[in-house]
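Here's the structure we're looking at; comments come further down.
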Amino acid sequence: MTPPPLLLTAHSAAALLLLLGPDARARKRRRRGEVGPDPDADPAPAPQQAAPAPPEQEPPPPPAPLHLPLPPTSPDHYPLAFRVSAPTFHFLSGLLDPLLSDPALPPAPVLLALALARLASGLPYPALAALFRVPPSAPRAASRRLRRVLLANFRFWLAFPSDPTSAYSAPLPSCRGALCCASFAGPAGPLAAQLVAGASSRILSLAAGFRGDRTDLEVLRLSSLFQEVEQGRVLEPAQYLVGDGGGYPLLPWLMVPFRGPVVPGSPEAAFNAAHRAMCRPVRRAVRSLMGWGAIARLHEEESPRAAVACIGTCAMLHNVLLTREDYSALAPDEAEAESDLGEVLCQGDDAGAGSEGFQVDGRALVMRSALAATMRDLRAPD
């Protein structure tokens, strides 16, 4: 289906045009670097015949990179401007308009455009106000409003599927997702966030705001996910997660690789290879979050609380895009790209099972050995 050609719905398009003002075309030419007369400007005086002028002073940097079409003028511009497609923008606009509307602010579609532009580009609020020709306070108000609306009304966008039988079928059966811990540069220092992602890189669980110096295991034990799983409220008895990182222990519901040298071609080696494959979706989800401009400039947020809200908002939008099969903000699935996550993924102590009060659970050892044997059985025909 061809996406709508307009940025906003019909009832608010006129409002945005008034906000942009009569010099929008001239500003667009200047952003493209074109030279031409401004029809609304005063006539320039005739040039004087004089000696060549000294080189012109370098103009101030533009408020946005030239490759960012803000505001977008074509459906093709939406992924660059907002990291969402035009149909997804209009879907969000129709869904959120009643919740974003405020008589003291610009129309709701304009607020959505401002908030998404901030999340996508990370541009300072004054630069966005200048680009969209809105009052200086409007971009910050729009960002706060979108975060508040999403976090208060749409938390179900960050949750495990309601069907408890939904799980991976291969290469590790009965696995519901991969767990990892990522580090973000917050305004008061590093922030740690724990994610669980499914096979499609959809984020199933997110806990953010931990101190960046905490290990993967410390973050796990402090998270609500740990308590819920221990109480049997998330996973079925035969289901489990895989832990991506050296700091996770082996638990009945958390599978980690066999440590130390393994014999090539052995069931243990096959299990470790399958484990790595299961962790790729969560790493892809982390790379996708890092692609949002506001996440890259998270240290510029006004407070750690605002930074955590930004992470949660981007995670929700990440899931909405995947649900709509909109891959505008999804990082490429490239194995070599995972090497770039070394400074992003939290580093554990590689202590393994039995660390920090955890005892090696015999049930976990039996389950991992059984899964490794399954890998051997799958390879037997070869």
Side-chain angles (χ1 to χ4, degrees), residues 156-181 194-207 216-217 219-260 262 266-285 319 322 348 351-382:
F156 59 88
W157 283 349
L158 285 175
F160 281 85
S162 56
D163 181 7
T165 63
S166 62
Y168 286 90
S169 59
L172 293 179
S174 301
C175 177
R176 291 209 71 183
L179 169 74
C180 83
C181 191
Q194 178 181 274
L195 297 86
V196 177
S200 66
S201 292
R202 177 184 174 88
I203 299 174
L204 308 177
S205 173
L206 174 68
D216 296 357
L217 181 54
V219 172
L220 174 63
R221 298 185 70 172
L222 291 171
S223 68
S224 60
L225 174 69
F226 181 81
Q227 303 299 328
E228 292 172 353
V229 175
E230 287 286 311
Q231 297 169 9
R233 294 164 50 191
V234 176
L235 304 175
E236 295 293 309
Q239 294 178 340
Y240 56 91
L241 303 174
V242 293
D244 184 20
Y248 290 120
L250 176 65
L251 301 173
W253 55 268
L254 184 62
M255 295 290 102
V256 298
F258 288 93
R259 303 183 187 278
V262 294
S266 66
E268 293 78 11
F271 175 88
N272 285 359
H275 186 280
R276 287 193 298 271
M278 303 292 282
C279 292
R280 288 178 62 183
V282 72
R283 289 176 167 241
R284 191 180 189 185
N319 283 356
L322 291 180
S355 64
E356 298 192 29
F358 280 101
Q359 298 298 323
V360 177
D361 193 310
R363 295 171 302 168
L365 292 172
V366 170
M367 176 177 288
R368 185 171 65 174
S369 297
L371 289 170
T374 301
M375 299 295 100
R376 178 192 59 197
D377 295 340
L378 291 176
R379 294 168 58 92
D382 298 332

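Rounded to the nearest 0.5 Å, atoms CD (Gln194) and CG (Leu179) are 4.5 Å apart. Leu158 CG to Ser205 OG: the interatomic distance, rounded to the nearest 0.5 Å, is 8.5 Å. Here CZ of Arg221 is found 9.5 Å from CD of Gln227. Values are rounded to the nearest 0.5 Å. Interatomic distance, Phe271 CZ to Leu371 CG, rounded to the nearest 0.5 Å: 5.5 Å.
With hydrogens and angles disregarded, a donor-acceptor distance shorter than 3.5 Å links the side chain of Asn319 to the backbone of Trp157. Looking only at distances, a side-chain donor or acceptor of Asn272 sits under 3.5 Å from a matching main-chain atom of Phe258. A donor-acceptor distance shorter than 3.5 angstrom exists from the side chain of Ser201 to the backbone of Pro281, with no hydrogens or angles considered. The closest donor-acceptor contact from the side chain of Arg283 to the backbone of Asp244 lies at 3.5 Å or more, if one exists at all.
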Give the intermediate values and the outcome of side chain to side chain contact (heavy atoms under 4.5 Å, CB included) for residues Val256 and Arg368. CA-CA 8 Å; Val256 298; Arg368 185 171 65 174; 3.8 Å; yes
Between Leu250 and Met255, is the side chain to side chain contact (heavy atoms under 4.5 Å, CB included) condition met? List the steps. CA-CA 6 Å; Leu250 176 65; Met255 295 290 102; 3.7 Å; yes
Mind running side chain to side chain contact (heavy atoms under 4.5 Å, CB included) on Val229 and Leu251 for me, showing each step along the way? CA-CA 11 Å; Val229 175; Leu251 301 173; over 6 Å; no
Checking side chain to side chain contact (heavy atoms under 4.5 Å, CB included) for the pair Leu235/Leu241: CA distance, chi angles, key distance, verdict? CA-CA 9 Å; Leu235 304 175; Leu241 303 174; 4.3 Å; yes
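Taking all atoms of both residues into account, the shortest heavy-atom contact from Met278 to Val242 is CB-CG2, 3.9 Å. The nearest pair of heavy atoms linking Tyr248 to Arg259 is O-NH2, 3.0 Å. A pairwise comparison of heavy atoms in Leu217 and Pro249 identifies CD1-CD, 3.5 Å as the closest pair. Nearest heavy atom pair, residue Met367 against residue Pro252, reads SD-O, 3.3 Å. Of all heavy-atom pairs spanning Arg202 and Phe156, the tightest one is NH2-O, 4.3 Å. What you find for Ala178 and Val282 is that their closest heavy atoms are O-CG2, 3.6 Å.
Each of Val366, Leu365, Asp361 was compared with Arg363 under the side chain to side chain contact (heavy atoms under 4.5 Å, CB included) criterion, and only Asp361 meets it.
Residues Leu220 and Leu254 form a side-chain contact, since some pair of their non-hydrogen atoms from C-beta on lies under 4.5 Å apart. Between Pro161 and Leu204 the shortest side-chain heavy-atom distance falls below 4.5 Å.
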